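Before anything else, here's the structure in question.
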2 protein chains.
Amino acid sequence: MEKTADAPTFDPACPMSAFPVQIGDKWTAMVVLCLEARPRRFSELRQLLGSVSAKVLTDTLRAMERDGLVSRSVFDENPPRVEYRLTALGRTLLQLVDAARSWARDNLDDLLSARRQHDDMPLPSPR
Amino acid sequence: MEKTADAPTFDPACPMSAFPVQIGDKWTAMVVLCLEARPRRFSELRQLLGSVSAKVLTDTLRAMERDGLVSRSVFDENPPRVEYRLTALGRTLLQLVDAARSWARDNLDDLLSARRQHDDMPLPSPR
DNA sequence: CTGTATCCCCTACGATACTG
DNA sequence: CAGTATCGTAGGGGATACAG
């Protein structure tokens with residue numbers, strides 16, 4: 001590696017390096033979407049997400065809380081009620097997650113059909 | 001779940017569901033960045049990424065190829081030379097990945113300091 | 001209702017060694 | 001140079017059972 005004009009392509013100290021671990025897991029991005037309109041209860045989130053186990057949703061929410069993305073409010077009622085809401089920092093993710101959703105809407109079909117085509121003929125030519 | 005006004009928050013059939021598996025892994029997003037300026041050789045990508053093993057980079061590139069995000073060109077030379085480049089579909093990810101990078105630049109400090117603060121006093125108050 | 005506590009599986013990731 | 005082959009580990013994700 002001797003010259004310039006190449007360099008700026010990728011900065012190894014780029015904050016991106018830390019990014020995927022934040023919303024790259026299975027549920028974080030969708031939790032953000034679920035909390036966009038208003039705070040949600042634990043059980044409400046479970047329903048909206050559809051197939052997540054209590055443990056994993058708890059893990060996800062705890063991690064998001066730790067990172068300052070959501071806040072947790074406990075109401076001392078009976079039965080107990082807990083609400084999760086996006087923090088200001090969490091809200092900053094909305095644009096990004098929405099961009100991801102748009103990308104998926106626009107391009108996922110192409111990606112999946114490329115994948116199907118690739119899987120149909122995996123052999124380049126056996127000779 | 002009986003009513004409206006809530007509904008549009010989250011569509012369970014949303015293509016987002018399939019999204020994280022694509023760029024949510026550790027290296028895909030950064031490979032996209034590395035290929036932004038021009039095609040790159042295998043070894044070049046390894047250097048740019050810094051710490052990835054040959055196996056994992058191969059796995060990543062094969063998966064991206066399968067999904068139509070990158071194309072692979074073999075030049076019949078000696079020593080062998082292989083170049084990877086973004087496809088048109090792969091290029092559509094650039095905006096998104098760049099948005100992710102921008103988010104990280106703008107907000108990662110906040111996230112990390114929230115995390116530090118959370119980790120310092122994990123006890124809400126033992127009373 | 002809102003979680004915790006276990007157990008288990010699978011896969012992403014990585015280190016190392018080797019090949020065309 | 002550009003991979004493949006193998007092996008090993010950690011932890012994300014899920015099912016189930018139980019608790020405050």
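Lettering follows sequence order; numbering is per chain, from 1. This is a predicted model, so every value here is computed, not measured.
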Exercise: identify the closest heavy-atom pair between B:L86 and B:V32: CD1-O, 3.8 Å
Value in whole Å for how far the P atom of D:dG3 lies from CD of B:E77: 13 Å
Proximal nucleotide (of D:dG3, C:dT2, D:dA2) relative to the A:V82 side chain: C:dT2
Please give, in whole Å, the distance from D:dA5 P to B:R62 CZ? 11 Å
Reference residue B:E44; test side chain to side chain donor-acceptor pair (under 3.5 Å); the match among B:R41, B:R40, B:R46: B:R40
Please report the shortest heavy-atom distance between B:R101 and B:E36, naming the atom on each side. NH2-OE1, 4.2 Å
Expected string for nucleotides 13-20 of chain C under the B/S/- scheme (protein heavy atoms, under 4.0 Å, primed atoms plus P, OP1, OP2 as sugar-phosphate) is BBB----B
What are the two closest heavy atoms between A:V31 and A:L49, and how far apart are they? CG2-CD1, 4.0 Å
May I have the distance from B:E83 (atom CD) to D:dA2 (atom P), rounded to whole angstrom? 9 Å
If the cut-off is 4.0 Å, is A:R81 near the phosphate of C:dT2, judged by side-chain N/O to OP1 or OP2? no
How many whole angstroms separate atom CZ of B:R72 from atom C1' of D:dC1? 12 Å
Quick one: is B:R41 getting a side-chain N or O under 4.0 Å of the D:dC1 phosphate, OP1 or OP2? no
Rounded to the Å, how far apart are A:E65 CD and C:dT2 P? 15 Å
Check A:L48 against A:C34 and note the closest heavy-atom contact, atom names and distance. CB-SG, 3.8 Å
Name the nucleic acid region contacted by A:F75, choosing base, sugar-phosphate or nothing; use a 4.0 angstrom heavy-atom cut-off, strictly under. nothing
Rounding to an integer number of Å, can you tell me how far A:F42 CZ sits from D:dG20 C1'? 15 Å
Answer whether the closest heavy-atom distance between the side chains of B:L57 and B:F42 falls below 4.5 Å. yes
Can you find a pair of side-chain heavy atoms, one from A:R72 and one from A:V82, that are under 4.5 Å apart? yes
Starting from C1' on C:dC1, measure out to CD on A:Q47 and report it in whole angstrom. 12 Å
Whole angstrom value for the distance that separates P of D:dC1 from CZ of B:R40: 16 Å
